[in-house]
Amino acid sequence: MVAITAPSSIEHIPLVRCPKGANAGPPPVIPSIDLSSPGAAAAVADACRTLGFFKATNHGVPSGLADALESNAMAFFSLPHQEKLDMSGPARPLGYGSKSIGSNGDVGWLEYLLLSVTSGTSSSALPPSLRAALEEYTRAVREVGGRVMELMAEGLGLASEEERCVLRRMVVGSEGSDEMLRVNHYPPCLLPPGRDRDDNCGVTGFGEHTDPQIISVLRSNCTAGLQILLRDARWVPVPPDPDSFFVNVGDSLQVLTNGRFRSVKHRVLAPEGEESRLSVIYFGGPAASQRIAPLQQVMRDGEQSMYREFTWGEYKKAAYKTRLGDNRLGPYELPLPAQEAAK
């Protein structure tokens, strides 16, 4: 096992309430969808409408690719802090980051690599074995993302082959698309003596947020920590499953479907045991010039848009100016027509 050096201080990392104890309520069943099954499209659409989140199985990615990436990533994160910075550069936003998340004051008990899939510039100085593992894994997971987006479109009722590719074409293989890969490492975290905490609190690993892109595809090791927010305002844990991927609906997809699919707020608690958590997330974003507005193919007669139109470049720029927990879509929401508001 690779030895892990934790960040030096947690005094400025916030504590959060976490769903422990009798009042947490029964855990929901996270939808588990076999991507090769005949009913996958309908199941994907149902999960995106209800939770904005699901587990994808039978995805076709060999386990060896994820294992190789995990091993190489853990070896990288075990290096001295300055070596990691020298290899990748500080996260601005691409590169290596530790504790600070973005430039607006958000912090968490983690370190990470944020890389551009399309440019590759932020990974060119990484160790060759890690770079090769990242490239192989990315090729495989972006195909999973493309397949999922086809199923999403089909589940929305887009029947023709051309219509089913409408979301995929915005991201996978599109010139100028904004695809990113994030590798998050959460070292074990024990509170120092004197810092108050009750049994229903945990240390923030990555604060609550939605993802601004179209979709996110996540894989983690066996260490727990991921939680999602339900419609009834309950935070619930997501049991880890290294053999599967977890798919998040992003803000842009919420707009493209005119609210039919809802982006899911999620967060990560720092691990309290002896094992680190390692997660790898593929973010599927379109080109900066891509128009983000409800797809005409999904709009019913007379249906009005819930959002004002914007480009991905505009939204991404605005998102980088916000805090993690902010409602990024709020400024783009249009008032409901009087008859809808009265319902």
Side-chain angles (χ1 to χ4, degrees), residues 41 44-45 48-49 52-53 93-94 102 114-122 138-139 141-182 209-218 247-264 281-300 303-322 326-334:
V44 164
C48 291
R49 290 187 181 100
F53 183 86
L94 301 178
L114 183 59
L115 309 169
S116 170
V117 170
T118 46
S119 72
T121 53
S122 53
T138 299
R139 280 194 293 269
V141 77
R142 74 198 302 235
E143 281 305 309
V144 175
R147 172 63 178 147
V148 166
M149 285 184 280
E150 289 181 0
L151 291 171
M152 288 173 168
E154 184 179 346
L156 286 165
L158 308 185
S160 71
E161 183 175 353
E162 181 177 354
E163 287 180 322
R164 287 198 303 270
C165 292
V166 63
L167 296 172
R168 180 189 180 111
R169 281 198 304 267
M170 291 183 188
V171 178
V172 180
S174 173
E175 184 176 355
S177 63
D178 188 13
E179 301 167 86
M180 295 193 297
L181 199 74
R182 186 180 188 106
H209 63 287
T210 58
D211 295 336
Q213 292 87 355
I214 294 177
I215 66 164
S216 308
V217 183
L218 175 146
V247 177
N248 291 359
V249 170
D251 294 341
S252 294
L253 184 57
Q254 179 171 320
V255 175
L256 288 165
T257 62
N258 207 33
R260 288 168 173 80
F261 295 172
R262 305 288 292 184
S263 59
V264 60
I281 310 99
Y282 164 81
F283 298 102
S289 60
Q290 174 64 51
R291 168 180 171 266
I292 305 295
L295 297 168
Q296 290 304 309
Q297 299 96 316
V298 305
M299 299 288 277
R300 303 185 185 96
E303 181 177 349
Q304 297 189 36
S305 175
M306 297 169 60
Y307 309 92
R308 66 177 177 86
E309 181 179 323
F310 52 88
T311 67
W312 167 243
E314 291 168 346
Y315 192 61
K316 181 178 180 180
K317 183 178 180 180
Y320 277 130
K321 295 179 179 178
T322 64
D326 290 346
N327 177 13
R328 294 166 173 152
L329 278 179
Y332 300 90
E333 293 174 352
L334 294 173

Please examine the side chains of [Y] and [X], heavy atoms only from C-beta on, and report whether any two atoms are closer than 4.5 Å.
| X | Y | answer |
| --- | --- | --- |
| L218 | N248 | no |
| L167 | L295 | yes |
| N327 | E333 | yes |

Pairing residues for T138 by the side chain to side chain donor-acceptor pair (under 3.5 Å) criterion, not counting sequence neighbours |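 Residues passing side chain to side chain donor-acceptor pair (under 3.5 Å) with T138: none at all.
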
Using ring pair (Phe, Tyr, Trp, His ring centres under 6.0 Å) as the criterion, list what pairs up with Y307, not counting sequence neighbours.
-> none

Got a donor-acceptor contact below 3.5 angstrom from the [X] side chain to the [Y] backbone?
| X | Y | value |
| --- | --- | --- |
| T322 | D326 | no |
| Q290 | W312 | no |
| N258 | Q304 | yes |
| S216 | F283 | no |

Show the nearest heavy-atom pair for residues [X] and [Y], with the distance to one decimal.
| X | Y | value |
| --- | --- | --- |
| S252 | P212 | OG-O, 2.8 Å |
| P93 | L114 | O-CD2, 3.5 Å |
| R168 | E150 | CD-OE2, 3.3 Å |
| M152 | C48 | CE-SG, 3.8 Å |
| R164 | L158 | CG-O, 3.1 Å |

State the [atom1]-[atom2] distance between [X] and [Y], to the nearest 0.5 angstrom.
| X | Y | atom1 | atom2 | answer |
| --- | --- | --- | --- | --- |
| D251 | L256 | CG | CG | 11.0 Å |
| E163 | L156 | CD | CG | 10.5 Å |
| S160 | Q297 | OG | CD | 8.5 Å |

Counting only heavy atoms not in E303, do more than 12 sit closer than 6.0 Å to its CD atom?
-> yes

So which pairs with a foot in residues 169-182 pass salt bridge (charged side-chain N to carboxylate O under 4.0 Å, His left out), sequence neighbours left out?
-> R142-E179, D178-K316

What is the ring orientation for Y315 with Y332, classed by angle as parallel under 30°, tilted 30 to 60°, or perpendicular over 60°?
->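 Taking Y332 first and then Y315, their aromatic rings stand perpendicular (interplane angle over 60°).
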
